[in-house]
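A short worksheet on the structure shown next.
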Amino acid sequence: MGSMMRRITGAAAAVLLLALAAPAGAATGSAATRGERAPGATPTFGRTLPPVGFVRFCGRRPEACAARPAGAVRPVLTARQWELVTRINDYVNADVTPASDEDVYGEAERWDYPLRRGDCEDYALLKQRYLEALGLPRSALLLTVVLDDKQEGHAVLTLATSEGDFILDNRRDGVRRWSDSDYTFLKRQSQADPREWMALAPDPPMRGGTVAVRAAR
């Protein structure tokens, strides 16, 4: 508990303490499958280049991008864990105010944990951090880049489970299957190594260097 709480501060700590006031086993799951492929999983098409903003983020916070010893694990989530995932998604969506990197950092593209404001990848990073602190394996929490219905870059967090892949999105509350979204999936972190990225399309559309070109949900 002590090491976990050192990674979480402010109001979020209170929310997570409430979440942890649950029956034993709420923060852990058993490994069911290993590897990128599983029923209901997003198909992958080999390695690809990571987003520039992610590379720079890892340069500033190498501990956040380090590989974990458990490997590519897809956990079986309990009903309580699903509740925690939904709660964290809703909490971060409500607590962080949408804002562009230019407004927050004065930069065109910067990935980081948001304090009070941030854009899509910042939401995804914070959800990843909180859910890992609650016991979900890093290999189940994958930063993902998509194109939205306006063909603009967007980032979400993929939750890779034994039942398939689910999306945590700052533009909507609730957790949904990746296949139920209207996004075009481009790339995401590898389950085997968070520093590597996998292509989610055989011929990804050519885009610029930034992920989010607008901050609105």
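- Residues Leu125 and Val104 do not share a hydrophobic cluster, defined by chaining ILVMFWY side chains whose heavy atoms lie under 4.5 Å apart.
- Nearest heavy atom pair, residue Pro50 against residue Val55, reads CG-CG2, 3.6 Å.
- At a threshold of 4.5 Å between non-hydrogen side-chain atoms, the residues Thr144 and Leu200 count as touching.
- The side-chain heavy atoms of Pro75 and Ser162, taken from C-beta on, include no pair separated by under 4.5 Å.
- Arg138 contributes atom CZ, which lies 10.5 Å from atom CG of Leu131 (distance to the nearest 0.5 angstrom).
- Ring pair Phe166/Trp178: centre-to-centre distance not below 6.0 Å.
- Residue Arg61 places its CZ atom among more than 12 non-hydrogen atoms of other residues, nucleotides or ligands, all under 6.0 Å distant.
- For Lys127 (side chain) and Ile88 (main-chain N/O), no donor-acceptor pair under 3.5 Å exists by modelled atom type.
- No side-chain heavy atom of Arg110 sits less than 4.5 Å from a side-chain heavy atom of Arg56.
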With side-chain contact (heavy atoms from CB on, under 4.5 Å) as the criterion, how do Asn170 and Val96 come out once you've worked through the C-alpha distance, each side chain's angles and the decisive distance to 0.1 Å? CA-CA 9 Å; Asn170 67 296; Val96 177; over 6 Å; no
Candidate pair Glu109 and Val52, rule side-chain contact (heavy atoms from CB on, under 4.5 Å), full reasoning: CA-CA 8 Å; Glu109 179 80 341; Val52 173; 5.9 Å; no
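- Using modelled atom types and a 3.5 Å distance limit, the side chains of Glu196 and Gln191 yield no donor-acceptor pair.
- Side-chain atoms of Asp122 come within 3.5 Å of backbone atoms of Asp112 as a donor-acceptor pair (strictly under, hydrogens ignored).
- Between Val85 and Leu159, the closest side-chain pair of non-hydrogen atoms falls below 4.5 Å.
- In this structure a side-chain-to-backbone donor-acceptor pair under 3.5 Å is missing from Asp101 to Tyr105.
- Thr86 and Asn89 are not linked by any side-chain donor-acceptor pair at a separation below 3.5 angstrom, with hydrogens and angles left out of the test.
- The NE2 atom of His154 sits 10.0 Å away from the OH atom of Tyr123 when rounded to the nearest 0.5 Å.
- The backbone N or O of Gly46 sits nowhere less than 3.5 Å from a side-chain atom of Thr44 that would complete a donor-acceptor pair.
- A salt bridge is defined here as a Lys NZ or Arg NE, NH1 or NH2 lying under 4.0 Å from an Asp or Glu carboxylate O, and Lys150 with Asp182 fails to meet this definition.
- We find that Arg171 and Asp169 are not joined by a salt bridge, their nearest charged nitrogen and carboxylate oxygen being 4.0 Å or further apart.
- A distance of 6.5 Å separates CZ in Arg177 from CD in Glu163, rounded to the nearest 0.5 Å.
- The CZ atom of Phe185 sits 10.5 Å away from atom CG of Leu147, with the distance rounded to the nearest 0.5 Å.
- Listed here is the closest heavy atom pair of Arg117 and Ala99: CB-CB, 3.8 Å.
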Decide yes or no on salt bridge (charged side-chain N to carboxylate O under 4.0 Å, His left out) for Arg188 and Asp165, but give the supporting numbers first. CA-CA 12 Å; Arg188 78 175 185 196; Asp165 294 347; 2.8 Å; yes
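- In this structure, Arg74 contributes its side chain and Thr161 its backbone to a donor-acceptor pair below 3.5 Å.
- Between the CG atom of Leu143 and the SG atom of Cys65 there is a distance of 8.0 Å, given to the nearest 0.5 Å.
- Asp149 and Tyr183 share no donor-acceptor pair across their side chains, judged by distance under 3.5 Å alone.
- For the residue pair Asp119 / Ser100, no side-chain donor-acceptor distance below 3.5 Å is found, with atom types taken as modelled.
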Val145 and Leu186: CA distance, side-chain angles, deciding distance, side-chain contact (heavy atoms from CB on, under 4.5 Å) verdict: CA-CA 6 Å; Val145 175; Leu186 300 182; 4.2 Å; yes
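- A heavy-atom distance below 4.5 Å is found between the side chains of Thr158 and Ile167.
- Not one N or O on the side chain of Thr97 forms a donor-acceptor pair closer than 3.5 Å with the backbone of Asp95.
- To the nearest 0.5 angstrom, Cys120 atom SG is 12.0 Å from Leu157 atom CG.
- Residues Gln189 and Gln128 form a side-chain contact, since some pair of their non-hydrogen atoms from C-beta on lies under 4.5 Å apart.
- The aromatic rings of Phe54 and Trp111 sit perpendicular to each other, their planes meeting at more than 60°, with 30° as the lower class boundary.
- The ring of Tyr113 has its center closer than 6.0 angstrom to the ring center of Phe57.
- Arg176 is listed as a side-chain neighbour of Ser181, based on a closest heavy-atom distance under 4.5 Å.
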